[in-house]
J.: 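There's a structure below that I have some questions on.
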Amino acid sequence: MADKGAMDKLKGKAKEMAGKATGDRRMKGEGRADQTKGKAKDAVDETKNQAKGVKDSLTDRDRTDET
């Protein structure tokens, strides 16, 4: 499955370009909002991955101390 953040950014870019082309300021704004939403999702995913990595490294350290 594709990255949800990337999909929002792509959809937002398309909306923004369509808004620019048609002069529709609302659509242009919605596109920018969608892009920001996608960036936020990417940031949350990255934070989750980093937290999981820290957890895994601490768990591995605990296992090596026991032996």
J.: What's the spacing between Lys4 NZ and Asp8 CG if we round to 0.5 Å?
T.: 9.5 Å
J.: I need the full list of salt bridge (Lys or Arg N to Asp or Glu O under 4.0 Å) pairs touching residues 27-38, with sequence neighbours left out, sorted by first then second residue.
T.: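 Matches after skipping sequence neighbours: Lys15-Glu30, Lys15-Asp34, Glu16-Arg32, Arg26-Glu30.
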J.: How many angstroms lie between atom CG of Asp3 and atom NZ of Lys41, to the nearest 0.5 angstrom?
T.: 9.0 Å
J.: Taking salt bridge (charged side-chain N to carboxylate O under 4.0 Å, His left out) as the test, write out the residues that go with Lys48, two or more places apart.
T.: none
J.: Sequence neighbours left out, what passes salt bridge (charged side-chain N to carboxylate O under 4.0 Å, His left out) with Asp42? Give chain and number order.
T.: Lys9
